[in-house]
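A quick write-up on the structure given underneath.
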Amino acid sequence: MNHLAQTIWQDLISIRETKPLIHNITNYVVMNNTANALLALGASPVMAHASNEVEEMVNLAAALVINIGTLNDDWIAAMHKAMFTAKKLNKPIIFDPVGAGATIYRTETTKKLLNIATPTVIRGNASEIAAIANQNITTKGVDSTQDSQTVVSVAQTLANLYQCTIVISGAIDFVVSQERIFQIENGHPLMSKVTGMGCTATALIAAFQAVNADATIAATHAMAIMGIAGEIAAERSVGPGSLQLNFLDALYNLKAEDITNRLKLTTT
Ligand SMILES: Nc1ncnc2c1ncn2[C@@H]1O[C@H](COP(=O)(O)OP(=O)(O)OP(=O)(O)O)[C@@H](O)[C@H]1O
Ligand SMILES: Cc1ncsc1CCO
Ligand SMILES: [Mg+2]
């Protein structure tokens, strides 16, 4: 087994052994999908968005996912509280700016929250990442209108500005830090036909943050596992419905040799 595959496998084993609690404030559309994906990976998910309990829950959790997919003012207040608490406790925050760029409310909320507490990792599609950086590119609802490689330099600017790791998902995934860029070419086009695969990627990134203190490496490992499980699932599927099921099974049954045989990870 090569060294890279070995380190990814070690993180996966750590998740399966320690079952880190991942606190998700995420959208109604994907709650079930991302909770199941975290369980299949080996982590322990909890969905909690009431203002009255988020501080307590962050206390218990190993990492916090903030996903703005179905937003309202109450949720923003809870996100604010949770992020503030996570920052105070030095716990990883993984932020998903779903639909940033589509409406002013989403774009402005994203910027406001990013200024309350800088996340450890921001994961979005190309349109969402562009929107955070004030690029004049529209988001078509929650789907990207452009390829991930077009915003890599924008992501570098954001990584420097917020001093965090930026993940741009798409046909090729890019993990961008202040110093490094990792490129993952695993995955399958059918993944974009299942809602919330991006949100699932964000949740998996959180689980890897819980076991690997290098945020950029942890995010890279998560995206590799996401892509490898996605392509194994796609090979067994006839459409989005079966992909959704097969993805969970692929994640759950993932073996060291799947990583060795399939990993398409390069760095610049
Ligand atoms: N054409 C493709 N080829 C390979 N993998 C893909 C492709 N499109 C998406 N993926 C994979 O699907 C996952 C979701 O990425 P995507 O960019 O579609 O997220 P998203 O737009 O935020 O989705 P959502 O908002 O529905 O959660 C990532 O792991 C990505 O690598
Ligand atoms: C479809 C959709 N709309 C708001 S959140 C969400 C899930 C995918 O991002
Ligand atoms: Mg998304």
Side-chain angles (χ1 to χ4, degrees), residues 24-38 41 47 49 65-72 75 79 94-103 105-106 109-110 121-132 137-152 155 166-176 182-208 219-235 237 240 243-244 246-248 250-251 254 262-265:
N24 300 264
I25 304 183
T26 191
N27 68 74
Y28 291 118
V29 183
V30 306
M31 282 184 189
N32 185 269
N33 308 47
T34 64
N36 273 316
L38 282 167
L41 182 72
M47 278 47 191
H49 57 263
V65 172
I66 299 288
N67 176 310
I68 69 157
T70 50
L71 211 53
N72 68 31
W75 280 47
M79 288 173 178
I94 301 79
F95 192 91
D96 192 326
V98 181
T103 65
Y105 188 51
R106 284 169 193 260
T109 299
T110 296
V121 182
I122 303 171
R123 199 275 338 151
N125 61 39
S127 291
E128 291 158 349
I129 297 302
I132 301 173
I137 297 156
T138 50
T139 308
K140 189 177 145 219
V142 299
D143 290 331
S144 186
T145 57
Q146 60 191 313
D147 291 337
S148 50
Q149 48 266 56
T150 59
V151 296
V152 170
I166 309 287
V167 179
I168 319 155
S169 62
I172 303 172
D173 299 318
F174 292 91
V175 181
V176 179
F182 293 95
Q183 184 170 326
I184 300 120
E185 296 192 47
N186 292 102
H188 191 280
L190 200 51
M191 292 168 80
S192 64
K193 298 293 176 196
V194 175
T195 191
M197 284 305 253
C199 307
T200 297
T202 304
L204 298 195
I205 291 170
F208 279 81
T220 303
H221 290 181
M223 294 311 287
I225 292 296
M226 180 77 204
I228 290 169
E231 65 189 48
I232 293 172
E235 285 164 14
S237 303
L243 180 77
Q244 203 172 350
N246 285 322
F247 176 75
L248 293 177
L251 208 49
L254 209 71
R262 290 176 182 269
L263 184 65
K264 291 185 201 149
L265 170 61

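Counting convention: from 1, in listed order, for ligands and their atoms alike. Nothing here was measured: the structure is a model prediction, and the numbers come from that model. Values below: all heavy atoms of this structure, side chains included; hydrogens, waters and symmetry mates excluded.
- The N/O atoms of H188, backbone and side chain alike, include one that comes under 3.5 Å of an N/O atom in ligand 1.
- Those atoms of ligand 2 that come under 4.0 Å of a heavy atom in N27, given as number and element, are 5 (S), 7 (C).
- Ligand-side atoms of ligand 2 in range of T195: 1 (C), 7 (C), 8 (C), range being under 4.0 angstrom from any heavy atom.
- At least one heavy atom of D173 sits less than 4.0 Å from an atom of ligand 1.
- Any N or O atom pair closer than 3.5 Å counts here, and S169 shares at least one such pair with ligand 1.
- For ligand 1, one of its N or O atoms has an N or O atom of G198 under 3.5 Å away.
- Remark: side-chain polar atoms of N125 are paired, donor with acceptor, to backbone N or O of V142 under 3.5 angstrom.
- In this structure, G227 has no heavy atom closer than 4.0 Å to ligand 1.
- Distances below 4.0 Å separate heavy atoms of G69 from the following atoms of ligand 2: 4 (C), 5 (S).
- If you number the atoms of ligand 2 from 1 as listed, the ones under 4.0 Å from a heavy atom of V98 come out as 5 (S), 9 (O).
- Proximity of E231 to ligand 1, defined as any heavy-atom pair under 4.0 Å, is not found for any part of the residue.
- Heavy atoms of C199 approach ligand 1 to within less than 4.0 angstrom.
- Both the backbone and the side chain of M197 come within 4.0 Å of ligand 1, judged by heavy-atom distances.
- For G196, a nitrogen or oxygen atom sits less than 3.5 Å from a nitrogen or oxygen atom of ligand 1, counting backbone and side chain alike.
- The atoms of ligand 2 that sit less than 4.0 Å from any heavy atom of V30 are 7 (C).
- For C199, the heavy-atom gap to ligand 2 drops under 4.0 angstrom.
- Under the 4.0 angstrom criterion for non-hydrogen atoms, G170 is in contact with ligand 1.
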